[in-house]
Structures are given as C-alpha cells and as structure tokens.
Amino acid sequence: MKCAGDIDVRDVEEAYINIDPIQAGGRLTPGAMKALIAYCDGYSVCDNCRKPNRLDYIQKPPIDRFHRELAEFVGMDAARVVPGARRGFQAVADTYVEKGDPVLITALSHYTEVLAIEARGGVPREIPRSPGNIITPDAAADKIEAVVRETGKTPPLLFLDHVDYSYGNLHPAREIARVAHQYDIPVLLNGAYTVGVMPVDGKDLGVDFVVGSGHKSMAAPAPSGVLAARSERASEVFRTTTTRTDVTSRTFGIKEVEMMGCTLMGVTLVAMMASFPAVKERVGTWDAELGNTGLVVDALRRISGTVIVSQYPRQHTLTRVDTTQSFDRVAAAHRKKGFFFTSALKSRGIAGIIPGATRVWKFNCYGITRAQAEYVAESFLAIARENGIPVS
C-alpha cells in the first residue's frame, strides 16, 4: 500500500510490538492523530495570532496556557516549544558560550550538544564516566578543577544528560548540579529520554534549564521539543530583540532572539498539545513501565552469554544488551548471518531492533502492556532455545 506516489504506508505500530530504542515514547495519542489532520496546513495556528504577534501569546488554540503548563510540568518558571531538543541546546549555547570557551559535557553526551557548542566556537570538555558508565559528582568536580587550572576560565555551561542515549543510565543530576553551582556554572539537563515518560522536576534537581524532546518522549510529531528555564535565567535565554534597522528604522516588538521569533507554528505544536493530558498522566505510571522492562531484562539475563550492559536493576526503559557470546555465535554459522535474529523477532510480530544486530544492541519497552512484555520476554527465550543457546 502507498500513501501517495512511491511513499509506502507505515504500519510498524499497528502490525508489530515496536521496541525501537528511540521511538517508544514518541507514539502519538489518538487525540494527536486527529490534531494532525485538523492543523496539517503550514501556518494553521496563526489563524488567531494578534498583537504582540508571538506564538506563546496565541489563545485559540490555547497555546499561551500550554506554555505555562509545560513550565509547571517540568518544575520550572518559563518554557518555550522548540523544533527538537537540539534547538534547545543551541539556544542556551548561543546565550552563554563565546569563542574559545571551555564548555562541560560528559563522556555520554549526545552529539547535538557538541554541535551546539562547536557552532559557537566553544571547546567541549568531557567529564569522564565511571567503569559502570555513570557520571559522578566527584568526576564533575575533578574536571571543573582541571579545566580552570588549564585554561584559566570557568566553564560558562554544563550539559548533563539525565538519561544517556547510549546505555539508558540514570545519572545523579541533583548532586552534579550542586557541584557545578559551587563554581557558578549553570546546568542544562538534557531530558530527551525522561521529560514526558517519567517525573522530572528541574527545581528539585537544582538545574537551570530543562530540555525535552516531543518526538522522543512526549507523544508528539517530529521535530518538536521544549526548553524550560528558571526565572533568573529565562530573561537571558528568552531575551527579546532590541534591534532598530538603519534605513527603515524598523523594530520587531517582543520577538525572542534565540527562538528566532516563533518556533513550532503548526501541526507539531498542536499535536504535542493534544497528547499533553495523556503525557501528564502517564508519568505517574513509571514504576509499571520499569516493571515491564525488568521482566524482559530478566529473561535476557537467563540466556547464556547475554550481558545487560546498562545499570541493573534498570532505572529506565532504554536498555543496552551485549549478545556477542550468545546470538552472535549463532549468527557466525547461520545462513542469514546476523539477520536471523531480527527475522525471528519479526516472525513473532516484534520490531525495532537494528536489522542484523547480534553483538551490541538497544531496545526500549516503554509503552507496551504487561502481556506484551511477557510475550517479548518469552520470544527472546524461545529464539535462544531454538538455536541451541542454553537458557537457565
């Protein structure tokens, strides 16, 4: 079937249990799907834009209220919607980073944080990870001291992934923020994998900025996200234009410089708004989500040679697995090579693992039911047994 021309219909969510590591939290709600149709035209939300002509002032649909609720949702004072988490990183970096500045990231930071720093001419400096792939407060303090000694500068910013994309590990944000603030370094919390799926309170964690991803964890279309700030930082990162042009003497009201005026001007925003009531509710069921993940993880641990590389017990649904000594040994002699594994999963109605991956791979069980989690767990065990891998 085709949508139009040679564009295939996408039926992954309808036909399979999808455990893709980056897609789990971005599945749209039925309300968001309706909003997609109703607001699909480019400038659809601008029907009722009146002075001062800024996105977060529009009352119909209630975009102004949504911005206030977003800030409250993440425990901060002000929030803006942005075209993905990376644009939130960029807005904050543009505000604080100057050419040559050493900027703190971690050894597990997402590449978009590095690009945001590089675009400003800053120099990323990594806080090392522990042997267990955790960023510790002591490591943060040691790195800050080393950077200050080496450069004579205090870093203007620290990027910290709340849960990292590589291992799905939860890092001690509150303790790291406390260390950074001893040196007056503001902290940006990258909540791309946490805002919208588990409770996040920026003030409780002591951070200055919270960035979330709509399409990764807030049941919204791509590209969408949120940038929230404490009141003392909001006036800096959400500064308004002061320019007057030289020939026409034009000014541009209260347009925000780092936001480039308006950000999500149509379907991405309204679909995010439509999903928001369900998103607010679902963060309260996080323990159940971890329980489902634990069920699948424990099944994988029963397969001889399989190692859960992420934290254990799991504190997040995104999980990294090493099957070099189990499924990859089968792949070495199988006629389908590594594709035997994803083929076996697909035949059981499970999708989302990188095709051909049998060494190190990731999955995310967020949003599946208990019955589906039990089925996925048993499927992994069955594939192992069928291929002669011992199961305890």
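Worth saying up front: this structure is predicted, and the values here are computed from it rather than measured. Numbers here simply count residues along the sequence, with the first being 1.
Members clustered with Ile7: none, using a 4.5 Å side-chain heavy-atom cutoff among hydrophobic residues. Grouped with Val12 in a hydrophobic cluster is no other residue, since no side-chain heavy-atom contact under 4.5 Å to another Ile, Leu, Val, Met, Phe, Trp or Tyr is found. Residue Val267 shares its hydrophobic cluster (ILVMFWY side chains chained together at separations under 4.5 Å) with Leu28, Met33, Leu36. In the hydrophobic clustering, Ile134 connects to no other residue, as no ILVMFWY side-chain heavy atoms lie under 4.5 Å from its own.
For the side chain to side chain donor-acceptor pair (under 3.5 Å) with Asn190, the lone residue among His162, Glu113, Arg86 that qualifies is Glu113.
Here side-chain hydrogen bond (donor to acceptor under 3.5 Å, both in side chains) pairs that include residues 92-104, with residues two or more places apart or in two chains, are Tyr96-Glu236. Residue pairs meeting the side-chain hydrogen bond (donor to acceptor under 3.5 Å, both in side chains) criterion with at least one member in residues 136-147, sequence neighbours excluded: Glu145-Tyr183. Here ring pair (Phe, Tyr, Trp, His ring centres under 6.0 Å) pairs that include residues 10-48, with residues two or more places apart or in two chains, number zero. The ring pair (Phe, Tyr, Trp, His ring centres under 6.0 Å) analysis of residues 228-280, with sequence neighbours excluded, yields the pairs Phe66-Phe276, Phe73-Phe276. Each ring pair (Phe, Tyr, Trp, His ring centres under 6.0 Å) pair with one or both residues in residues 108-137, not counting sequence neighbours, appears once here: His110-Tyr165.
Annotation for Arg385: atom CZ counts as buried by contact number, over 12 foreign heavy atoms lying within 6.0 Å. Dense packing is recorded around NZ of Lys255, with more than 12 heavy atoms of other residues, nucleotides or ligands lying under 6.0 Å away. Atom CD of Glu281 sits in a sparse spot, with 12 or fewer heavy atoms from other residues, nucleotides or ligands closer than 6.0 Å.
Annotation: ring pair (Phe, Tyr, Trp, His ring centres under 6.0 Å) contacts of Phe340 (sequence neighbours excluded): His334. For His316, the ring pair (Phe, Tyr, Trp, His ring centres under 6.0 Å) partners at least two apart in sequence or on another chain are Trp286. For Asp47, there are no side chain to side chain donor-acceptor pair (under 3.5 Å) partners at least two apart in sequence or on another chain.
Grouping the Ile, Leu, Val, Met, Phe, Trp and Tyr side chains by contacts below 4.5 angstrom, directly or via other members, places Met218 with Val283.
The residues Asp77 and Arg230 are annotated as not salt-bridged, no charged nitrogen and carboxylate oxygen being separated by less than 4.0 angstrom.
In summary, the side chains of Thr245 and Thr248 do present a donor paired with an acceptor at a separation below 3.5 Å, with no hydrogens or angles considered.
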